Asks: 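The structure under discussion is supplied below as structure tokens; questions concerning it will follow.
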Amino acid sequence: MLSLPQPDWWGKWPANKPVIYLSFGSSGDITLLDLFKNILKEMDVTVILTTSGRVAQENFPENFYVTQYVSGLEAARVAQLFITNGGSGAIYQALTHGVPVLGLPSNMDQFFLMERIEKLGAGILIRPSQATPELIVRAIENILIEKRYKDVAGGIGAHIRQFDTKARFKEFITNALKNRDKQP
């Protein structure tokens with residue numbers, strides 16, 4: 001597994017505030033970043049933001065801890081909310097650690113996945129075209145306050161952790177190669 005070094009500020013945020021991991025990944029609507037900066041700077045939260053090199057890492061509010069990249073699994077381990085574009089990698093990182101998701105998908109597969117996450121009760125989907133400050137604040141507050149989101153995400157995470165994905169993938173490849181040799 002690829003290991004990313006943690007930033008110098010890792011773990012030095014206030015212990016008495018909820019941690020929100022914010023990442024639009026490589027395909028999320030980065031134009032939403034200013035909206036989130038304005039909303040989250042007013043909330044009593046800590047924000048871990050990864051930019052994926054898509055924006056400069058300067059001029060962020062005091063409660064933002066900004067880096068280009070960080071391990072999504074490590075960020076999920078400390079977060080109470082994961083705000084993402086709804087990509088499957090980010091969703092699985094969040095849910096593996098029982099962290100609810102606020103998804104703002106921009107690709108069709110992300111919409112399908114976030115629709116399912118919302119239906120299960122492990123997060124909230126907001127269409128980027130409908131993202132207003134009021135809607136975002138309400139979604140963030142609901143996820144952080146209402147225990148049901150954490151409970152559902154935790155249950156999904158417990159299920160995910162039952163599987164040894166590395167062993168299963170290795171077995172899949174081994175079987176595929178064996179079966180390839182049997183093809184006419």
Side-chain angles (χ1 to χ4, degrees), residues 2-87 89-106 110 114 117-118 122-150 153-154 157:
L2 177 64
S3 178
L4 295 172
Q6 292 179 332
D8 293 341
W9 47 256
W10 190 260
K12 296 179 181 170
W13 49 77
N16 61 339
K17 296 181 181 185
V19 175
I20 295 175
Y21 177 43
L22 173 60
S23 176
F24 292 109
S26 60
S27 66
D29 187 352
I30 201 70
T31 63
L32 294 170
L33 183 56
D34 283 338
L35 176 62
F36 275 92
K37 278 174 38 177
N38 290 332
I39 290 168
L40 294 170
K41 75 179 180 186
E42 300 299 327
M43 298 182 85
D44 194 25
V45 298
T46 294
V47 179
I48 297 172
L49 169 68
T50 54
T51 66
S52 300
R54 297 173 67 196
V55 296
Q57 293 178 223
E58 50 204 38
N59 301 320
F60 281 91
E62 188 177 301
N63 63 331
F64 276 64
Y65 293 78
V66 183
T67 187
Q68 281 192 31
Y69 301 100
V70 72
S71 164
L73 283 171
E74 289 302 314
R77 190 180 318 275
V78 300
Q80 284 74 53
L81 170 60
F82 203 130
I83 301 174
T84 177
N85 63 340
I91 298 297
Y92 279 103
Q93 290 171 343
L95 293 178
T96 294
H97 289 292
V99 177
V101 178
L102 171 56
L104 295 101
S106 53
Q110 297 164 351
M114 277 308 305
I117 295 301
E118 185 171 63
I124 296 174
L125 181 155
I126 297 178
R127 294 179 178 274
S129 62
Q130 299 171 349
T132 64
E134 298 78 21
L135 187 59
I136 292 169
V137 167
R138 188 169 50 248
I140 291 170
E141 289 176 345
N142 283 342
I143 291 172
L144 291 176
I145 293 169
E146 293 184 27
K147 188 177 179 302
R148 65 186 171 98
Y149 290 104
K150 178 73 174 160

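As the structure is a computational prediction, the values presented were derived from the model and not from experiment. Heavy atoms only: backbone and side chains are in, while hydrogens, waters and symmetry mates are out.
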Asks: Is there a side-chain contact between F36 and V47, using heavy atoms and a 4.5 Å cut-off?
Replies: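 No - every pair of side-chain heavy atoms lies 4.5 Å or more apart.
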Asks: Taking all non-hydrogen atoms of both residues into account, name the closest pair between N85 and Q110 and its distance.
Replies: ND2-NE2, 3.1 Å
Asks: Mind telling me whether W13 and Y65 have parallel, tilted or perpendicular rings, with 30° and 60° as the class edges?
Replies: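 If you compare the ring of Y65 with that of W13, the planes turn out perpendicular.
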Asks: Can you see which heavy atom on V99 is nearest to which on A76, and at what distance?
Replies: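 So the two residues come closest at CG2-O, 3.2 Å.
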Asks: Check whether N63 reaches the backbone of L40 with its side chain - one donor and one acceptor, N or O, closer than 3.5 Å.
Replies: yes
Asks: Would you name the heavy atoms of W9 and V66 that are closest together and state the gap between them?
Replies: NE1-O, 3.4 Å
Asks: Nearest 0.5 Å please: distance from the OG1 atom of T50 over to the CG atom of L22.
Replies: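 So the OG1 of T50 and the CG of L22 are separated by 7.5 Å.
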Asks: Would you tell me whether Y21 and T84 have side-chain atoms, one donor and one acceptor, within less than 3.5 Å of each other?
Replies: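 Note: Y21 and T84 side chains miss the donor-acceptor criterion.
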Asks: For E74, enumerate each residue passing the side-chain hydrogen bond (donor to acceptor under 3.5 Å, both in side chains) test, keeping only those at least two apart in sequence or located in another chain.
Replies: R77
Asks: Could you give the distance from CD1 (I20) to CZ (F82), rounded to the nearest 0.5 Å?
Replies: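 It comes to 12.5 Å.
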Asks: Who are the side-chain hydrogen bond (donor to acceptor under 3.5 Å, both in side chains) partners of T31, not counting sequence neighbours?
Replies: D29
Asks: Going by salt bridge (Lys or Arg N to Asp or Glu O under 4.0 Å), name the pairs with one or both residues in residues 6-18, residues two or more places apart or in two chains.
Replies: K17-D44
Asks: Do M114 and I91 come within less than 4.5 Å of each other through their side chains, counting heavy atoms only?
Replies: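 Result yes, sub-4.5 Å side-chain heavy-atom pair found.
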Asks: Measure the CG-CD1 distance between L135 and I126 for me, rounded to the nearest 0.5 Å.
Replies: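 Here the rounded value is 4.0 Å.
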Asks: K150 side chain to G98 main-chain N or O, any donor-acceptor pair under 3.5 Å?
Replies: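 Indeed, once roles are kept as given, a pair shorter than 3.5 Å links the two residues.
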Asks: List the atom of A153, the atom of P100, and the distance in Å for their closest heavy-atom pair.
Replies: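 Between these two residues, the closest heavy atoms are CB-N, 3.7 Å.
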Asks: Compare every heavy atom of L35 with every heavy atom of I136, then report the nearest pair and how far apart it is.
Replies: CD1-CD2, 3.4 Å
Asks: Looking at P133 and I39, what are the two nearest heavy atoms and their distance?
Replies: CA-CD1, 3.6 Å
Asks: Report the distance from atom CG of N38 to atom CE of M43, rounding to the nearest 0.5 Å.
Replies: 13.0 Å
Asks: Distance check, rounded to the nearest 0.5 Å: T51 atom OG1 versus F24 atom CZ?
Replies: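 Between atom OG1 of T51 and atom CZ of F24 there are 12.0 Å.
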Asks: So, applying side-chain contact (heavy atoms from CB on, under 4.5 Å) with L104, which one of I83, I124, L125 is it?
Replies: I83
Asks: Are any non-hydrogen side-chain atoms of I140 and V45 less than 4.5 angstrom apart?
Replies: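 The answer is no; the side chains never approach within 4.5 Å.
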Asks: Using the side-chain hydrogen bond (donor to acceptor under 3.5 Å, both in side chains) criterion, which residues pair with T96? Sequence neighbours excluded.
Replies: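 Expected list: none.
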Asks: By the side-chain hydrogen bond (donor to acceptor under 3.5 Å, both in side chains) test, which pairs, at least two apart or in different chains, include something from residues 139-148?
Replies: E146-R148, K147-D151
Asks: With Y149, which residues qualify under side-chain hydrogen bond (donor to acceptor under 3.5 Å, both in side chains), at least two apart?
Replies: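 So Y149 forms no side-chain hydrogen bond (donor to acceptor under 3.5 Å, both in side chains) with any residue.
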Asks: Is the terminal nitrogen or CZ of K37 (NZ for Lys, CZ for Arg) located under 6.0 angstrom from the six-membered ring centre of F60 and within 45° of that ring's axis?
Replies: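 Cation-pi check for K37 and F60: passes.
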